[in-house]
Structures are given as structure tokens and as C-alpha cells.
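Source: prediction; values computed, not measured.
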Amino acid sequence: MKRETLLQKLIITFTIILTIVLVSLAWILSMWFRITYFAEKRTQFQQDGEYISKAIKTYNSEKSDIEFGKLQAIVDMSSVGTDADIIISDKLDYIYVYSTIEDNKAIEDKPQISEKDRKLLINGQSVEYINKRYTYIYPIIENDEFEGYVIMTTPLSIISKQLHRIYLIVWISALGAMIFASVVLSLVSKKILINPLAQINNVAKKFANGEVNRRVNIESKDEIGELANSFNIMAESLEKVENNRRDFISNVSHELRSPITSIKGFIAGIIDEVIPKDKEGYYLDRVYSEIKRLTRLINDLLDLSTIESGKLKFNMKKININELIRLCIINNEQNIKEKEITLKIELQYENCYVTSDEDKTMQVITNLLDNAIKYCGDNGIIRISTYHKGAKVFVQIYNNGPKIGDEEIRHIWDRFYKSDKSRTNKVSTGLGLPIVRMMLMQQGEEVWVKNNSDIGVTFTFSLTKYKNSKNR
């Protein structure tokens with residue numbers, strides 16, 4: 001089946017509408033010309049009838065051959081001027097003058113005047129008939145007495161010929177306007193509508209085939225320009241998603257391959273007895289460490305997937321954030337002691353109640369505390385503090401590690417991003433901070449990072465204060 005193009009549909013629709021409009025206009029004009037023509041013909045006959053009536057009165061007063069000749073000349077001249085046959089009859093219907101330029105067929109077709117029309121003529125009113133001929137009868141009134149009438153008649157074929165010329169001009173003009181408008185519509189539509197849409201369609205097809213760097217170059221300020229701009233915005237977003245997807249697959253592949261390769265190597269060494277018996281316990285411990293690392297990575301990926309899909313459920317309730325901070329510190333006490341870190345706790349109140357999900361908030365604090373421990377170095381300083389502002393409670397976790405560079409600070413919330421470019425850090429999965437941000441965003445909260453003026457980095461996140469709570 002042949003596909004109809006948008007241009008064809010536009011031209012067909014426009015042609016139909018234009019045809020209806022022009023045909024209606026041509027018909028109205030034709031009717032108007034017809035009515036106007038008969039009105040002008042009637043006026044012309046009326047004027048000639050009045051003129052002939054005056055000549056008849058002059059003739060009747062003198063009854064001379066000269067005046068009759070003048071009357072005949074006037075009748076013939078009026079016949080030529082109006083393109084009509086003229087006859088003059090007295091009140092007894094006796095014809096005594098008629099036009100002699102051509103054979104006067106009006107005599108043969110002289111209409112029979114009804115009594116009703118005769119009364120109109122006697123009262124000085126004109127009468128007209130329209131059948132095969134257009135006939136106009138003008139009364140002759142002299143001294144308030146009815147003396148006869150003038151019949152002026154012309155075949156409708158003559159009128160029709162003249163009207164047909166007018167109709168032909170009107171319809172040819174309408175047809176020409178339709179053709180001209182269709183051509184203009186075709187050219188304009190191609191330039192401002194069809195070609196831009198074709199460009200967007202072609203780019204969309206290339207985009208679908210994987211050419212995600214393709215863009216539409218349309219600079220018009222109308223709806224098509226807005227569509228092109230929206231398409232480019234969508235294309236940029238999809239390109240970013242595609243790049244993120246590729247990076248994600250690459251990162252996941254790398255993160256999974258590394259522990260699996262280590263586990264495979266250690267176990268193969270034990271099976272092949274390459275590793276001495278007395279060293280098997282050490283390498284099995286290494287295998288167990290890699291398995292824990294792999295488990296952390298898989299759990300983080302599952303958490304991230306659950307959050308992004310919107311399937312993560314939050315049990316919002318009243319919790320004591322200070323108690324939660326103390327619990328997280330106890331859970332990380334061993335790591336803090338191993339690096340001989342100085343931990344400072346600065347809580348504004350002894351008890352601080354917020355509305356949050358206890359398990360998710362604990363994971364947020366744990367991830368940020370792990371990050372602080374990792375980067376502050378041996379004998380470093382970590383400070384955890386809270387403060388209130390309006391309906392919000394803010395938790396700050398500071399470490400005196402190196403500042404984050406401007407380039408890195410823009411990417412620390414990206415999945416798998418690590419400031420350790422060589423990826424030698426086997427503790428971090430690169431998913432901790434993204435999980436923190438998404439968990440807080442799902443609860444309507446915020447988190448941000450800021451370099452301190454002298455040294456160190458501070459992570460701050462917000463929580464909603466529990467209603468009617470008096471934190472002390």
C-alpha cells in the first residue's frame with residue numbers, strides 16, 4: 001500500500017477547504033452578478049421607458065409625420081442601446097410603433113397582460129415578466145390618464161451570454177487561485193514543516209541505530225523549532241544515559257572480575273598444590289576476604305537497583321538520631337582504633353528526635369563514616385556534629401583528610417567513581433555515596449559536601465525534625 005505523506009494530506013485538506021470556500025464564493029458572486037445585472041437592466045428599461053413616454057406625449061399632442069419619425073427614431077435608438085425589442089401599444093392594446101432595426105419578434109411573443117397587471121399599469125406602476133424573454137412594461141400616463149404602455153423585451157439568451165462571460169471570469173479566477181494556493185502551500189510547507197520533520201525523522205532513525213551523538217540543526221522560533229530543541233534535549237539525555245549504561249557495565253564487569261579472578265587464582269593454587277599446605281589457611285582467608293568484598297558489591301548493586309526502581313520501602317517513624325550516631329560509632333570502633341583516629345562528637349542536644357527510616361538512616365551514617373575513616377589517614381581526626389535550623393536537623397561528618405578537587409567534587413555522587421584512579425582500593429565499591437544520596441532524596445532530604453577552608457572535608461545531610469518534639 002502506498003504511504004500518504006504529510007504534504008499530500010495537507011494539500012488534499014487545503015484543496016478541499018479552498019474548493020468549498022471558492023466554489024461558495026463563486027456561486028455567491030454569480031448570484032450577485034445575476035441580480036445586479038437584472039437590476040441594472042430594469043433601471044435602463046425604466047429610463048428608456050420614461051424617455052419614450054415623453055416622446056409619445058409630444059407625438060400625441062401634434063400627430064404629425066415629423067413627430068412620428070422622431071418617435072420611431074427614438075424607439076430604434078433605444079432598441080439598439082438596450083439590445084431589446086420595443087413596441088408601443090395604446091390603452092386598447094393596438095400596436096402603433098415598434099423597433100425596426102431587426103425583425104421584432106416581440107410582436108409575435110407579445111405577452112397577454114392580465115387584469116391584475118393592467119390595473120397596476122393604469123395606476124402608473126411598471127410590470128415585468130421573466131420566461132423565455134425578459135419583458136418590462138412601462139405605463140404611459142398623460143394628464144393622470146392611462147394612454148398605453150411601452151413593452152421592452154430582450155431574449156434571456158442574450159442576458160445569459162453576458163452573465164456566462166462573468167461566470168467564466170469568476171470560475172477561472174477561482175481555479176487559478178486554487179492552483180496558485182496549492183503550489184504556494186506545497187513550497188511553504190516543505191520549507192517550514194516537511195523538511196524539518198524529515199530531518200528530525202532521519203536523525204531519530206540514526207539515533208535508534210546507535211548514533212547517539214546525532215543532533216537536529218533547526219533554528220526556527222516556531223513549534224517545529226521547539227520540537228527540534230526538545231528532541232536535542234532528549235537526545236543529550238539519552239546519550240548521557242547510554243554513556244552511563246556503558247560505564248556502568250564496564251565498571252561492574254571490572255569490579256566483579258577483580259575478586260572473582262583472585263578467588264579463582266587462590267583456589268586453583270590450592271587445588272594444583274602450588275600453594276604449600278602451611279600457607280593454605282592464609283590464602284583461604286584471602287579468598288574469604290574477596291568473597292566478602294564481592295558480597296558487599298552485589299548488595300550495594302541490589303540496593304541501588306531497588307532505589308532507582310522506586311521499590312525501596314521506607315518505614316518512617318520517630319527515631320533518636322543521636323542514639324543512631326552512637327550505635328554507628330560502636331559498629332566502626334575497631335576500624336577507628338586500627339587507624340588511631342581521634343573521634344570528636346559534638347551533638348547539640350542529648351536527645352534529638354527526627355522522622356526517618358531507622359535502617360536506611362543508619363546505612364547513610366555508616367557509609368559516610370566509612371568514607372571519612374578511609375580518607376582521613378592514620379592518626380587523623382573525625383568530627384561528628386548535629387545542629388538544628390527550623391524544621392530540619394543537620395548531621396555533619398568531618399574528616400581532616402585531603403581536600404577534594406574541583407573536578408572530583410562534581411563526580412563523587414556518580415556510581416563507581418573513585419578518587420583512586422588505579423582502583424587499587426579493595427575496600428570501597430564506589431557505590432556508597434550514590435546510595436547515600438539516593439536514599440536521602442527518596443525521603444525528601446538533601447546531602448552535600450564542602451571542603452574546609454584549611455584542611456579536611458565535611459559531608460552534611462538533612463533530616464526532618466519530629467513534630468511536637470522538644471529536643472534536649
Side-chain angles (χ1 to χ4, degrees), residues 28-167:
I28 292 171
L29 286 174
S30 298
M31 293 300 101
W32 181 78
F33 281 129
R34 181 182 179 86
I35 294 170
T36 302
Y37 183 86
F38 276 108
E40 290 179 353
K41 202 72 175 176
R42 185 183 302 110
T43 301
Q44 188 180 21
F45 280 164
Q46 185 178 11
Q47 291 174 350
D48 285 354
E50 184 178 354
Y51 184 66
I52 293 171
S53 177
K54 290 180 181 179
I56 291 172
K57 292 175 183 178
T58 303
Y59 166 72
N60 289 336
S61 64
E62 297 185 8
K63 293 290 184 177
S64 64
D65 293 339
I66 296 174
E67 293 300 326
F68 182 82
K70 290 180 179 180
L71 177 60
Q72 183 68 57
I74 291 172
V75 170
D76 290 340
M77 183 176 62
S78 297
S79 174
V80 173
T82 58
D83 198 11
D85 296 326
I86 300 174
I87 59 178
I88 301 172
S89 177
D90 60 14
K91 59 185 177 182
L92 299 176
D93 297 332
Y94 172 72
I95 300 173
Y96 59 93
V97 179
Y98 56 88
S99 56
T100 59
I101 300 302
E102 294 181 0
D103 293 337
N104 197 329
K105 295 180 180 180
I107 297 175
E108 301 174 3
D109 299 330
K110 181 176 177 294
Q112 295 295 323
I113 302 174
S114 65
E115 290 299 322
K116 180 181 177 181
D117 290 338
R118 182 174 288 276
K119 288 180 181 179
L120 292 174
L121 292 171
I122 292 172
N123 292 328
Q125 298 182 30
S126 301
V127 176
E128 62 181 350
Y129 300 107
I130 300 177
N131 38 49
K132 293 182 179 180
R133 303 168 71 89
Y134 175 60
T135 303
Y136 185 86
I137 305 176
Y138 185 86
I140 302 171
I141 306 296
E142 187 174 357
N143 299 323
D144 296 330
E145 292 291 332
F146 177 68
E147 299 294 338
Y149 48 86
V150 179
I151 300 176
M152 293 167 281
T153 180
T154 183
L156 287 181
S157 58
I158 297 176
I159 298 175
S160 298
K161 285 181 181 179
Q162 295 176 348
L163 287 176
H164 286 161
R165 293 192 190 116
I166 297 174
Y167 295 161

Supply the atom-to-atom distance Y138 OH to I52 CD1, rounded to the nearest 0.5 angstrom.
10.5 Å
Listed by chain and number, what are the ring-ring contact (aromatic ring centres under 6.0 Å, His included) partners of F45, not counting sequence neighbours?
Y134
More than 12 foreign heavy atoms under 6.0 Å from NZ of K54: is that the case here?
no
If I compare all heavy atoms of T82 with all of K41, which pair ends up nearest, and what's the gap?
O-NZ, 2.7 Å
Smallest heavy-atom separation, L121 atom then P139 atom, equals O-CB, 3.3 Å
Neighbour count above 12 (heavy atom, 6.0 Å) for Y51 OH
no
Is any side-chain heavy atom of V75 closer than 4.5 Å to a side-chain heavy atom of I88?
yes
Apply side chain to side chain contact (heavy atoms under 4.5 Å, CB included) to T58 and K70, showing your working.
CA-CA 10 Å; T58 303; K70 290 180 179 180; over 6 Å; no
Considering non-hydrogen atoms only, spot the tightest contact between I141 and D144 and give its length.
CG2-CA, 3.9 Å
Smallest heavy-atom separation, I130 atom then F38 atom, equals CD1-CE2, 4.3 Å
Once rounded to the nearest 0.5 Å, what's the spacing between atom CD1 of I56 and atom CD of E147?
10.5 Å
Rounded distance (nearest 0.5 Å) linking atom NZ of K91 with atom CD1 of I122:
9.5 Å
Exercise: identify the closest heavy-atom pair between S126 and Y136
OG-OH, 2.9 Å
For residues Q72 and S99, report the shortest heavy-atom separation together with the two atoms involved.
NE2-CA, 4.1 Å
Between the CD1 atom in I74 and the CE atom in M77, the distance rounded to the nearest 0.5 Å is 6.0 Å
Could you state the interatomic distance from OG (S53) to CD (Q46), rounded to the nearest 0.5 Å?
11.5 Å
Just wondering, more than 12 heavy atoms not from K116 lying within 6.0 Å of its NZ?
no
For D65, look at atom CG and say whether over 12 heavy atoms of other residues, nucleotides or ligands are found less than 6.0 Å away.
no
Residues at least two apart in sequence or cross-chain that pass side chain to side chain donor-acceptor pair (under 3.5 Å) with D90, listed by chain then number, are none
For the residue pair Y149 and D93, establish whether any side-chain heavy-atom pair is separated by less than 4.5 Å.
yes
Would Q44 and D48 satisfy side chain to side chain contact (heavy atoms under 4.5 Å, CB included), going step by step from the backbone distance to the final call?
CA-CA 6 Å; Q44 188 180 21; D48 285 354; 4.3 Å; yes
Residue pair Y129 / I137, side-chain heavy-atom distance below 4.5 Å:
yes
Gap separating the OG1 atom of T135 from the CE atom of M152, nearest 0.5 angstrom:
10.0 Å
